[in-house]
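Every value quoted in this text rests on a predicted model; they were computed, and no experiment measured them. In what follows, every chain begins at residue 1, and chains take the letters A, B, ... in the order their sequences are listed.
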Amino acid sequence: MADIVDTKTPSNFIRAIIEEDLKTGKHGGRVATRFPPEPNGYLHIGHAKSICLNFGLAQSFNGTCNLRFDDTNPAKEEVEYVDAIKEDLRWLGFDWQDREFFASDYFDQLYTLAVRLIKDGKAYVDSLSAEEIRQYRGTLTEPGRESPFRKRSVEENIDLFQRMRDGQFEEGSHVLRAKIDMSHPNMLMRDPTLYRIRKAPHHRTGEQWCIYPMYDFTHCISDAIECITHSICTLEFENNRALYDWVLDQLALPCRPHQYEFARLNLSYTVLSKRKLIQLVKEGIMSGWDDPRMPTLSGLRRRGYTPEAIRNFCERIGVAKANSVVDVALLEHTIREDLNRRAPRMMGVLRPLKVTIENYPDGQVEELDAVNNPEDPAMGSRSVPFSKVIYIEQDDFREEPPKKYFRLAPGREVRLRYAYFITCRDVIKDPATGEVIELRCTYDPATRGGDAPDGRKVKATLHWVSAAQAVDARVRLYDRLFVKSDPDEKVDGKTFLDFINPESLEVLDGCKLEPALGNASAGALYQFERLGYFCFDIRESSPGRPVFNRTVTLKDSWAKITQNSRKTP
RNA sequence: UGGGGGAUCGUCUAGUGGUAGGACUACGGACUCUGACUCCGUCUGCCGAGGUUCGAAUCCUCGUCCCCCAGCCA
C-alpha cells in the first residue's frame, strides 16, 4: 500500500526532456546521470534533492547514475568529506555500485585535451596577473580587451604549459586560457581560465600535479568521458552551459552530454549554503556537521529523520526552474508521516510532577498492557508497570484550568493511559515558592485498563510513568535553527547569525521514561505519546543515563489554542 | 542602460488552446484511551496591460518585478 505512494514519481520538465530524447533516440535510448559533489563539505538536504533527482531518473528510465567527486581544487577538498559523502549517500538509500569516479581520475586525459586545444590554437598561456586579468575582462556592459599574451605561438604555448606542469613557475604567474571572445556578452566566454598553478597536495593525486583544471573545463569533459547523457545541475550554472558546449564542441569526443539546470532547494528557517554551514561548524556555533539542528544529512540522521522521509520530501517538492523556498513544515510533515506508521509508542515524562494515588495499595506493582503502535497491530504490545507513585507532565495539571483545558485540575477526573481513571484530591505546594510539587489523587479500581464499566467519560488521557521503575534520562529538545523564515533577509546590517533561535536546543535532565526505554538501541526511534518523536542518541548516552533527541513534536492543537503567539516573520 | 533565466493559492507544484488540480500550511467540523492519527469541509491563485481566438495560465506584443554572471571557487 505504501508502494503506491512510492512509485508515483511526479513528472517534471527534466523527465519530459528525457522522455522526448528517448522518443527521438538522441542518446541511443540511454539515460546516464551523475551526482557530482565537491568533497569540501557535508551533504545537506539540498543535495538530497539533487541526489533523488539524478538517481531517481536513472532508476525510472533504466539508466545509471554515477557518483563523481568534483575534486579539482586541492586547497578545499579532503578525504574526510569524501568518506562522509559516501556514508550519507548510502544511508539515503542509493547505490552507485562500481561507478565511483573522481574528476582527478581524469587529470591525465584533461591535460592531453588541453594540449590539443593549444595545438588547435584554441587555448593559450596567459602571463597576466590575476588582477590584470580581471581588469582586461571588462564589465557586464563593457567588452573586455585581449591579453597581450593571446597571440603567443602554439610552440611557445606548448612549452609554457609543459613548464607549468613541471613546476617551473610560481602560483599565479601563468594560467591556461581558452581563446574565445573577449567581447562576448556572456562574461564566462571571455577567454575563461582552464588551468591554474596550485602547489598544493591533492587528497588523491598527492604531489603529482601542480596545475589543476578549472570546473568548466573539467566537468563537461568528465561527463563526456563517462558518457553521461543528461548532466543536471543548478540554476547558477546556466551561464556556464555555453562554455560547457564550447569545450565539447572543440574536442568532439565520442559522447556528447547535455547540461540542464533546475532550481536548487531553499528551506525556510534554515540556511543551505555550504559557506554558511561551514561557518556554523568552524565557529563552534554548532557542535559539528552532524549537530541535530543542521540541515545536513548527518544532522538530520542524528535528529531522527529517516531516509524514507527525506526521499519522500524530495519527491513532493518537485523540480522546476523558478527559485523557490520550501516551507520546512513540509519536511516536518514527511517525517511525522513516516514515524507515525513505524515508531513504537512509549511513555515518557519530560517535566515530571509527582502524583501519589492515595487509595492505591502501598508496594503494589501492576503490569499493564500497552499497545506499541495503534497504526500497526503487528507491532504488538508491551507491559508497563503501575504503582502508587507516578509522574505526570507538569503541563497536564492546572490549579486553575482555563476554559477548554481538559487535563487534570483539582477535583477533576482524567484517564491515565492504559491504566486507571484518577481524580485529583489535593495539591501540595512548596511552602517557600508556592510551586506545585505533588498531587494527591485517588483512582477508581474499576477502570483498570482505561475503561469505565459504567460508561462514564473523561475529557483527557494523560501519559505517565511509574516512579519506582522509571528510567532517568536526558532529553534534548530541538527546534528550528533560526527564528526567521529567511535568515538571509537583509535587516539593518544583521547577518544570519543574528537570527539563530536561542531555543533551538533545550536540554532537559531528570526526565522519567518507562522502563522499556532503558535499553534502546542506537538510532532507535520512538513516539513519546502526546509529545513527539524521539531518537536514541547512543553517542551522548552513558550507562544508566540514556539521551534522546526530539526529532519533531506531534501536532498540537491545544498548543495552538494557547500560544497563538508563535509569529512567522 | 550586456547576456542568461524565471513569474500559477500563504508555500511548493501540475496544467503546453477547452471546467485552474494536488500537496503542505491555515481555519472549521467528525472521530478518538495520544488535543496525535484518520476522515470531512472551508479560504486564498494564473505579475500587469493590450491583442489573436468561439474559447488563453498556455499563442503574440509591450511592460513590471525577481534570480544568475565581472574567482586563477564549484
Is it true that A/Phe217 and A/Tyr212 have ring centroids separated by less than 6.0 Å?
no

For A/Arg336, which contact category applies under a 4.0 Å heavy-atom criterion: base, sugar-phosphate, or nothing?
nothing

Can you check the distance between B/C67 and B/A26, where both ends of the measurement are the C1' atom (answer in whole Å)?
29 Å

Base, sugar-phosphate alone, or nothing: which one does A/Lys459 contact when heavy atoms must sit under 4.0 Å apart?
nothing

Taking protein heavy atoms under 4.0 Å as touching, what does nucleotides 68-74 of chain B look like 5' to 3' if B marks base contact, S marks sugar-phosphate-only contact and - marks none?
BBBSBSB

A/Arg530 side chain N/O closer than 4.0 Å to the phosphate oxygens (OP1, OP2) of B/G35?
yes

Would you say B/U32 has OP1 or OP2 under 4.0 Å from some side-chain N or O of A/Thr461?
no

Expressed in whole Å, how much space separates the C1' atoms belonging to B/U52 and B/U61?
11 Å

Sidechain N-carboxylate O distance under 4.0 Å for A/Glu393, A/Arg351
no

Taking atom P in both B/G2 and B/A14, compute the distance separating them and give it to the nearest angstrom.
31 Å

Taking every heavy atom of A/Met189 against every heavy atom of A/Ile180, the minimum-distance pair comes out as O-CB, 3.2 Å

Can you check the distance between B/C62 and B/A20, where both ends of the measurement are the P atom (answer in whole Å)?
29 Å

Would you mind classifying the nucleic acid contact of A/Leu554 as base, sugar-phosphate or nothing, using non-hydrogen atoms under 4.0 angstrom?
base

Atom pair distance, as rounded to whole Å: CZ in A/Phe406 and C1' in B/U34
14 Å

In this structure, which stretches of RNA chain B are paired as stems of three or more consecutive Watson-Crick or G-U pairs, both distances less than 3.5 Å?
B:2-7 with B:64-69, B:10-13 with B:21-24, B:26-30 with B:38-42, B:47-51 with B:59-63

When you compare B/G51 with B/U38, how far apart are their P atoms, in angstrom units rounded to a whole number?
49 Å

In whole Å, what separates the P atom of B/C9 from that of B/U44?
14 Å

A/Tyr269 OH to B/C12 P, in whole Å, measures 14 Å

Taken in chain and number order and not counting sequence neighbours, the residues that satisfy salt bridge (charged side-chain N to carboxylate O under 4.0 Å, His left out) with A/Glu366 are A/Arg448

Using only modelled atom types and a 3.5 angstrom limit, is any donor from either the side chain of A/Arg316 or the base of B/U13 paired with an acceptor on the other?
no

Separation between the P atoms of B/A36 and B/C31, rounded to whole Å:
13 Å

Expressed as a whole number of angstroms, how long is the span from A/Leu330:CG to B/U25:P?
8 Å

Using only heavy-atom distances, decide whether a donor-acceptor pair under 3.5 angstrom links the side-chain of A/Gln527 to the base of B/U34.
yes

So what does A/Val325 hit on the nucleic acid, given a heavy-atom distance under 4.0 Å: a base, only sugar-phosphate, or nothing?
sugar-phosphate

Please determine whether a side-chain nitrogen or oxygen atom of A/His463 lies at a distance below 4.0 Å from atom OP1 or OP2 of B/U34.
no

Salt-bridge criterion met for A/Asp556 and A/Lys560 (N-O under 4.0 Å)
no

Check every strand shown and say whether A/Glu261 touches a base, only sugar-phosphate, or nothing at a heavy-atom separation below 4.0 Å.
nothing

Looking for any heavy atom pair under 4.0 Å, which part of the strands does A/Val371 touch: base, sugar-phosphate only, or nothing?
nothing

Could you tell me whether a side-chain N or O of A/Glu171 sits under 3.5 Å from a main-chain N or O of A/Lys199, the two making a donor and an acceptor?
yes

Verify the contact: side-chain N or O of A/Ser324 to OP1 or OP2 of B/U13, cut-off strictly under 4.0 Å; return yes or no.
yes

For B/G71, does the O4'-C1'-N9-C4 (purine) or O4'-C1'-N1-C2 (pyrimidine) torsion place it in syn, i.e. within 90° of 0, or in anti?
syn

Round to a whole Å and report the spacing from CD1 of A/Ile14 to P of B/A14.
11 Å

Aromatic plane relationship, A/Phe107 with A/Trp209 - under 30° parallel, 30 to 60° tilted, over 60° perpendicular
perpendicular

Relative to the ring of A/Phe102, is the ring of A/Phe69 parallel (under 30°), tilted (30 to 60°) or perpendicular (over 60°)?
parallel

Aromatic ring pairing A/Phe386/A/Tyr443, orientation class (parallel under 30°, perpendicular over 60°, tilted between)
tilted

Could you check whether A/Phe528 gets within reach of a base, just the sugar-phosphate, or nothing at all, counting any heavy atom under 4.0 Å?
nothing

Inter-nucleotide C1' distance (B/A30, B/G35), Å rounded:
14 Å

Indicate whether OP1 or OP2 belonging to B/U34 is found under 4.0 Å from a side-chain N or O atom of A/Lys555.
no

Nucleotide B/U25, atom P - distance to CZ of A/Arg480 in whole Å
11 Å

Exactly one of A/Glu78, A/His203, A/Arg204 should register a side chain to side chain contact (heavy atoms under 4.5 Å, CB included) with A/Pro39. Which one does?
A/His203

Determine the interplanar angle of the A/Tyr244 and A/His219 rings, folded into 0 to 90°, and report it as parallel if under 30°, tilted if 30 to 60°, perpendicular if over 60°.
tilted

